[in-house]
> 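Dumping the structure here so I can ask a few things about it.
Heavy-atom basis, side chains included; hydrogens, waters and symmetry copies ignored. Chain letters run A, B, ... following the sequence lines, proteins first, then strands; residues in each count from 1.
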Number of protein chains: 2
Amino acid sequence: MPPAKFDREQVLRSAMNTFVQKGYSKTSMQDLTKSTGLHPGSIYCAFENKRGLLLAALLQYKSDSELSFEAYFSHDLPVLQSLKLYLDSIVVDCAQKGEYKACLLTRALTEIADQDDEVKSVISESLYDWQKAFHKQFELAVESKELSANCNIPHMARYLSMGIYGLRTFAQTQTTRDVLQELADQLFDDIRRLSLEPSH
Amino acid sequence: MPPAKFDREQVLRSAMNTFVQKGYSKTSMQDLTKSTGLHPGSIYCAFENKRGLLLAALLQYKSDSELSFEAYFSHDLPVLQSLKLYLDSIVVDCAQKGEYKACLLTRALTEIADQDDEVKSVISESLYDWQKAFHKQFELAVESKELSANCNIPHMARYLSMGIYGLRTFAQTQTTRDVLQELADQLFDDIRRLSLEPSH
DNA sequence: AGATATCTTGAATAAACATTCAAGATATCT
DNA sequence: AGATATCTTGAATGTTTATTCAAGATATCT
């Protein structure tokens, strides 16, 4: 039976969801065979083991996130306007009751990074790439004179990342939309201020 | 052998450390017997089970954190100055290489909250109490005219909590002290601005 | 159609795990 | 000193877990 191979992306998205929902340790192989529709043997053949499946799922998540990022920032809107839309989408994401909607990267980071250097570096690099994507957008905006030429772009990108991490953590204890929106708006204001003021 | 009972606080601090370092799921009973010096039977007798030990450790962590908080804010310094010192101490905490220095509450929250409602509410309430502690300090500062009378205190407390969550998450990928300090300083500036400006 | 190579299947395996409990030890009380 | 109650101890238990592998199934090739 050579063909009939499963759809790798779809399998990884299922695994992704299961890992985000239950966490890595509490996700059993049985959970994964159920959610992916694959049998144990197939998983071990394709991904070596549970850890390999996590690594693959992390890369898929990264790739999906990049596409989503592009979708927000590729229009010809001013960066700050795109950023506002992007932040609002995170608020919507976080405000979903019931289904646990977190970031797989940060969730896996807090859960297992300190015990597995390879997983940690995959996650760290992915998160850093995401931060660099903000960086790049801000740079483009400086070139097009939207932002002040002497604003501190690396600092802004880092502070923005930090704020979003915080927002997502905050959302785990409080899912009231208004509160989350207010926090996101505040973060946006603070980033905007940094983008206009010269760095000191 | 009636007396010779173990020192409950010390046991809980050991358990606390183990849980923070390895995470709840990856912490085995063997790890806990090793770190606490207690035998399985004693743990089950005193805390019912592993989950009970976590719950007790969470409460101990909360209580310890409150004492530490008081230590920073009970002097007669202006609130903003105490806050600065408090934030700096978090930076120092996060910048420790090697030993994983996170907040047990947020770590446990991301790992297990979505599967255990009791654990979740214990954590949520603890974190909310911590947020309220900021709240209270800001209120006192308004009364003493240090802060503007019409600043939005609940908003400030929430934004501060969010920022610290974010800082701690950020520190898991980047432990360069200068970078963390810069982020904490930025957070401080933004909170200070909120404390002086009238809310809009 | 038969042979072959490749992929699928899921029961079997072995290790790790939380939890229990009966035997042993010590202090207090009579 | 003896009896009793309480606490300690850690090997045994039964469950859950990730992982393997040999048998079975299907498509392609000759």
Side-chain angles (χ1 to χ4, degrees), chain A residues 1-12 14-58 104 107-108 111-119 122, chain B residues 1-12 14-58 104 107-108 111-119 122:
Chain A
M1 192 207 270
K5 292 203 67 170
F6 54 83
D7 179 342
R8 193 184 156 94
E9 285 198 10
Q10 199 169 324
V11 162
L12 288 178
S14 305
M16 235 168 66
N17 284 336
T18 313
F19 281 135
V20 171
Q21 231 101 37
K22 310 195 71 173
Y24 178 72
S25 291
K26 281 254 172 69
T27 298
S28 67
M29 268 295 160
Q30 210 174 350
D31 291 331
L32 290 168
T33 57
K34 213 171 291 176
S35 71
T36 61
L38 259 51
H39 293 249
S42 305
I43 293 182
Y44 280 83
C45 175
F47 305 103
E48 200 178 347
N49 52 26
K50 184 183 163 188
R51 179 175 170 279
L53 181 54
L54 174 74
L55 282 169
L58 285 169
L104 179 60
R107 167 139 215 204
E111 187 180 347
I112 39 172
D114 38 280
Q115 314 192 24
D116 190 322
D117 286 343
E118 190 188 351
V119 171
V122 165
Chain B
M1 190 207 272
K5 294 202 67 172
F6 54 82
D7 179 343
R8 192 183 155 93
E9 285 198 10
Q10 199 170 325
V11 162
L12 288 178
S14 305
M16 237 169 65
N17 284 335
T18 312
F19 281 136
V20 170
Q21 231 101 37
K22 310 196 68 172
Y24 178 73
S25 292
K26 281 253 173 71
T27 298
S28 67
M29 268 296 160
Q30 211 174 350
D31 292 330
L32 290 168
T33 57
K34 212 170 292 176
S35 71
T36 62
L38 260 52
H39 293 248
S42 305
I43 293 182
Y44 281 83
C45 174
F47 305 103
E48 200 177 345
N49 51 27
K50 184 181 163 188
R51 178 175 171 279
L53 181 53
L54 174 73
L55 282 169
L58 285 168
L104 180 60
R107 165 137 217 203
E111 187 179 347
I112 39 172
D114 38 279
Q115 315 191 26
D116 190 321
D117 285 344
E118 191 188 349
V119 171
V122 165

> Could you check which nucleotide pairs with D:dC29 in any of the strands shown, counting Watson-Crick or G-U wobble with both distances under 3.5 Å?
C:dG2
> Could you give the CE-to-C1' distance, from B:Met29 to D:dG10, as a whole number of Å?
14 Å
> What are the two closest heavy atoms between B:Ser35 and B:Thr18, and how far apart are they?
OG-OG1, 2.9 Å
> Rounded to whole Å, please give me the gap between CD1 in A:Ile43 and C1' in D:dA18.
11 Å
> Whole Å only: how far is the CD atom of A:Glu48 from the C1' atom of D:dT19?
12 Å
> Let me spell it out: for each of A:Tyr24 and A:Ser42, pick the nucleotide of DNA chain D with the closest heavy atom. Which residue's pick is nearer the 5' end?
A:Tyr24
> Looking at C:dT8, I'd like to know if its phosphate oxygens (OP1 or OP2) sit under 4.0 Å from a side-chain N or O belonging to A:His39.
no
> So A:Thr27, base contact, sugar-phosphate only, or nothing? Heavy-atom distance under 4.0 Å.
sugar-phosphate
> For the side chain of A:Pro40, counting heavy atoms from C-beta on, which of C:dT20, D:dT19, D:dA18 is nearest?
D:dT19
> Under a 3.5 Å cut-off for both contacts, is D:dT9 paired Watson-Crick or G-U wobble with anything, and if yes, with which nucleotide?
C:dA22
> Rounded to the nearest Å, what distance is computed from the NZ atom of residue B:Lys50 to the P atom of nucleotide D:dT15?
19 Å
> Closer than 4.0 Å, any side-chain N/O of B:Tyr44 to the OP1 or OP2 of C:dT20?
no
> For A:Leu38 and D:dA18, give me the distance from atom CG to atom C1', rounded to whole Å.
16 Å
> Please report, rounded to the nearest Å, how far the C1' atom of C:dT19 is from the CG atom of B:Asn49.
9 Å
> Quick one: does NZ or CZ of A:Lys50 land under 6.0 Å from the six-membered ring centre of A:Phe19, within 45 degrees of the ring axis?
no
> For A:Asn17 and A:Ser14, which I'm curious about, is there any donor-acceptor pair between the side chains at under 3.5 Å?
no
> Measure the distance from CG on A:Asp31 to C1' on D:dT16 and round it to the nearest whole Å.
12 Å
> Looking at D:dT16, which nucleotide sits across from it as a Watson-Crick or G-U wobble partner, both distances under 3.5 angstrom, or is there none?
C:dA15
> Got a salt bridge between A:Asp114 and B:Lys26, using NZ or NE/NH1/NH2 to carboxylate O under 4.0 Å?
no
> Locate the shortest heavy-atom distance separating B:His39 from B:Thr33; write the atom from each residue and the value.
C-CG2, 4.2 Å
> Separation of B:Leu53 atom CG from C:dT19 atom P, in whole Å?
11 Å
